[in-house]
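These values consider heavy atoms only, across backbone and side chains, with no hydrogens, waters or symmetry-generated copies.
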Amino acid sequence: MEKSVYIYTYGCQMNVHDSEKMIGLLSENGYKEAGTPAEADLIIFNTCAIREKAEQKFYSQLGRIKTLKKKKKDLVIAVAGCVAQEMQKKVFTRAPHVDFIFGPQNIGLLPDLLKRGQKMSVDINPALAGEEFTAERGSRTRAWVSIMYGCNNFCSYCIVPYTRGREVSRPPSSIVAEIRDLKARGYREVTLLGQNVNSYRSDTDFKGLLRLVASVGLDRVRFVTSHPRDLTADLVDAIAELPCLCEHIHLPLQSGSDRILRAMNRGYDYADYRKKIDMLRERVPGIAITSDIIVGFPGESDEDYLETLHALESIQYDGLFAFKYSKRRGTKAYSLEDQVPEIVKTTRLNRLLKLQDEMTLKKNLAYENGIVEILVEGRSETDEGRLCGRTRSNKIVTIQDNGDTEGDLVKVLIMKARMHSLEGIRTDKQAQATRF
Ligand code: 5AD
Ligand code: SF4
């Protein structure tokens with residue numbers, strides 16, 4: 001009888017895509033996807049180690065599965081992803097009901113591990129990093145495509161270089177072949193994935209890769225994540241010149257203080273970063289810019305924090321992910337003294353988020369009465385009876401259900417801006433978009 005698998009996914013897009021690769025691999029090996037954990041024969045936790053909170057969420061969900069395992073003796077439980085890589089054998093000590101574990105570079109061994117009943121596969125090996133799998137994707141319209149694996153940046157707070165290993169770029173020919181296949185199957189948008197896509201280097205560099213990808217002829221191409229240090233004028237020109245490249249960039253600043261940026265080992269100062277923002281806005285009119293900020297890095301003073309607030313006010317991001325610094329064992333910053341108390345981190349985070357909310361709303365209000373093109377994704381989860389899609393600038397838009405379906409590109413007149421989405425009505429097909 002066919003077996004079924006349920007995957008819990010935590011963390012970044014890379015991890016979501018890794019789960020899609022696991023589903024693809026397992027379906028070639030006779031598994032189908034289970035609707036709930038209780039129905040599954042195999043449960044995989046694809047974990048994230050970036051902050052303590054993500055780890056805690058995983059451990060509490062793993063704990064709850066214990067009762068399921070007691071009821072169903074042949075249920076197999078696996079832990080994958082960054083926590084598996086970081087904790088290795090310690091996962092079994094903490095949770096004896098786990099059957100096997102494997103790291104982000106060992107996805108290919110999953111069928112083997114299942115068959116042989118082996119306990120662990122967590123080798124970090126560049127040869128394994130570039131392995132390719134046919135992913136079974138959640139969407140029929142938008143697809144993630146890995147272009148590189150691992151990370152060489154060693155930001156002092158970050159665990160990723162230790163869990164995903166050194167940077168390895170995937171050859172352009174295989175990236176382009178995957179995207180051609182996606183296009184043939186009706187996909188309209190791809191997002192190129194890597195920890196630092198700007199440092200892509202294979203037979204060509206990142207801007208060369210963008211040109212190759214653009215030649216496939218999809219409607220929309222995105223990429224994440226960019227590192228400010230490696231964002232060059234040439235690359236910005238490529239974004240401006242290639243019509244399929246969407247007007248959005250995620251460019252994490254992390255802090256507005258040069259002292260903290262140095263301690264974080266980011267490789268740029270605020271002035272460098274600010275110049276790149278100006279260059280992006282000048283050469284790619286209408287581009288939306290989003291960012292990541294960490295508050296409470298060890299040694300962050302009130303002055304450092306205020307510099308971050310001033311940076312946000314000056315830059316005016318379209319959206320922001322902000323986090324309290326979380327101490328990660330094995331990273332450079334782990335042993336730094338002068339940790340910022342939790343209460344101070346919380347206060348700093350809340351004030352910053354409030355400031356950003358005002359700016360996000362202001363950015364969204366500028367869309368009112370403008371016409372945008374959206375790629376319909378399906379039913380809105382929050383607005384019952386409405387459809388939702390995204391603008392090229394990555395803003396969520398809801399429209400009334402006129403029978404448009406997933407994958408349609410439609411023109412929409414924006415009637416109302418909210419903090420987290422825009423509300424619009426479908427407009428004449430011939431209308432020109434006035435905003436991205
Ligand atoms: N603590 C808090 N935030 C972190 N990030 C990475 N490591 C940590 C950490 N130890 C944030 C960074 C990064 C985003 C993906 O997660 O802002 O850009
Ligand atoms: Fe989490 Fe980073 Fe691993 Fe992604 S790469 S799953 S964000 S720890």
With sequence neighbours left out, what residues match Glu136 under side chain to side chain donor-acceptor pair (under 3.5 Å)? Ser27
NZ (Lys363) with more than 12 external heavy atoms under 6.0 Å: yes
Reported CD-to-SG distance for the pair Glu86 and Cys48, which is rounded to 0.5 angstrom: 10.0 Å
Is atom CZ of Phe321 surrounded by more than 12 heavy atoms (other residues, nucleotides or ligands) closer than 6.0 Å? no
Determine whether Leu231 and Val236 make a side-chain contact, defined as any pair of heavy atoms from C-beta on separated by less than 4.5 Å. yes
Are Phe100 and Phe92 an aromatic pair, judged by ring center distance below 6.0 Å? no
Any side-chain heavy-atom pair of Ser314 and Tyr270 under 4.5 Å: yes
Check whether any side-chain N or O of Tyr305 sits under 3.5 Å from a backbone N or O of Arg348 as a donor-acceptor pair, and report yes or no. yes
Does atom NZ of Lys119 have more than 12 heavy-atom neighbours from other groups under 6.0 Å away? yes
Are Arg229 and Asn198 linked by a side-chain donor-acceptor pair shorter than 3.5 Å? no
May I ask you to check whether Ser199 and Glu167 show a side-chain donor-acceptor distance below 3.5 Å? yes
Can you see whether Thr346 engages Lys324 through a side-chain donor-acceptor pair at a distance of less than 3.5 angstrom? yes
Where the side chain of Asn29 meets the backbone of Leu25, is there a donor-acceptor pair that is under 3.5 Å apart? yes
Centre of Tyr149's six-membered ring, under 6.0 Å away, within 45 degrees of the axis: is that where NZ or CZ of Arg164 sits? no
With a 4.5 Å heavy-atom cut-off, do Arg51 and Arg328 have their side chains touching? no
Would you say the side chains of Arg329 and Tyr334 form a donor-acceptor pair under 3.5 Å? yes
How about Phe436 and Ile287: do any of their side-chain heavy atoms sit closer than 4.5 Å? no
Pair Lys395, Asn364: side-chain N/O donor-acceptor within cut-off below 3.5 Å: yes
What heavy-atom pair brings Gly256 and Ala311 nearest, and what distance separates the two atoms? CA-CB, 4.1 Å
Between the side chain of Gln339 and the main-chain N/O of Lys327, is any donor-acceptor distance below 3.5 Å? no
Just by distance, no angles: are the side chains of Ser169 and Tyr200 close enough, under 3.5 Å, to form a donor-acceptor pair? no
For a 4.5 angstrom cut-off between non-hydrogen side-chain atoms, does Ile294 reach Met264? yes
For Arg222 and Glu189, run side chain to side chain contact (heavy atoms under 4.5 Å, CB included): C-alpha distance rounded to whole Å, both residues' side-chain angles, the deciding distance at 0.1 Å, then the answer. CA-CA 8 Å; Arg222 305 180 183 278; Glu189 176 180 311; 3.0 Å; yes
Does a donor on one side chain and an acceptor on the other come within less than 3.5 Å for Glu373 and Thr391? no
Please check if any side-chain donor atom of Asp123 sits under 3.5 Å from a side-chain acceptor atom of Asn106, or the reverse. no
Given 3.5 Å as the limit, does a donor-acceptor pair link the side chain of Arg170 with the main chain of Ser174, or not? yes
Closest approach of Ala322 to Leu353 (non-hydrogen atoms, all atoms of both residues): CB-CD2, 3.9 Å
Side chain to side chain contact (heavy atoms under 4.5 Å, CB included) between Asp99 and Lys69, intermediate numbers included: CA-CA 11 Å; Asp99 293 289; Lys69 176 104 178 176; 2.5 Å; yes
For residues Asn46 and Tyr10, determine if any side-chain heavy atom of one lies less than 4.5 Å from a side-chain heavy atom of the other. no
Keeping to residues at least two apart or across chains, list the side-chain hydrogen bond (donor to acceptor under 3.5 Å, both in side chains) pairs with something in residues 235-260. Tyr157-Gln254, Arg211-Glu241, Asp237-Arg283, Glu247-Arg392, His248-Thr290, His250-Thr290, His250-Asp292, Ser257-Asp304, Arg259-Asp304
Side chain to side chain contact (heavy atoms under 4.5 Å, CB included) between Gln195 and Thr225: does it pass, once the steps are laid out? CA-CA 6 Å; Gln195 294 292 348; Thr225 288; over 6 Å; no
Does a side-chain heavy-atom distance below 4.5 Å link Ser291 with Leu251? no
All pairs passing ring-ring contact (aromatic ring centres under 6.0 Å, His included) where residues 35-54 contributes a residue, at least two apart: Tyr8-Phe45, Phe45-Phe58
Please report the closest heavy-atom contact between Tyr268 and Asp272, naming both atoms and the distance. CA-OD2, 3.6 Å
More than 12 heavy atoms of other groups within 6.0 Å of Glu131 CD: yes
Cut-off 3.5 Å, side chains only: do Glu20 and His17 have a donor facing an acceptor? yes
Do the non-hydrogen side-chain atoms of Thr308 and Val295 ever get within less than 4.5 Å of each other? no
Can you check side chain to side chain contact (heavy atoms under 4.5 Å, CB included) on Leu218 and Arg188, steps first, answer last? CA-CA 5 Å; Leu218 287 173; Arg188 301 197 90 152; 5.5 Å; no
Has Lys32 got more than 12 heavy atoms of other residues, nucleotides or ligands less than 6.0 Å from its NZ? yes
Are there over 12 heavy-atom neighbours, none belonging to Glu39, within less than 6.0 Å of that residue's CD? yes
Phe133 six-ring centre to Lys21 NZ/CZ under 6.0 Å and within 45° of normal: no
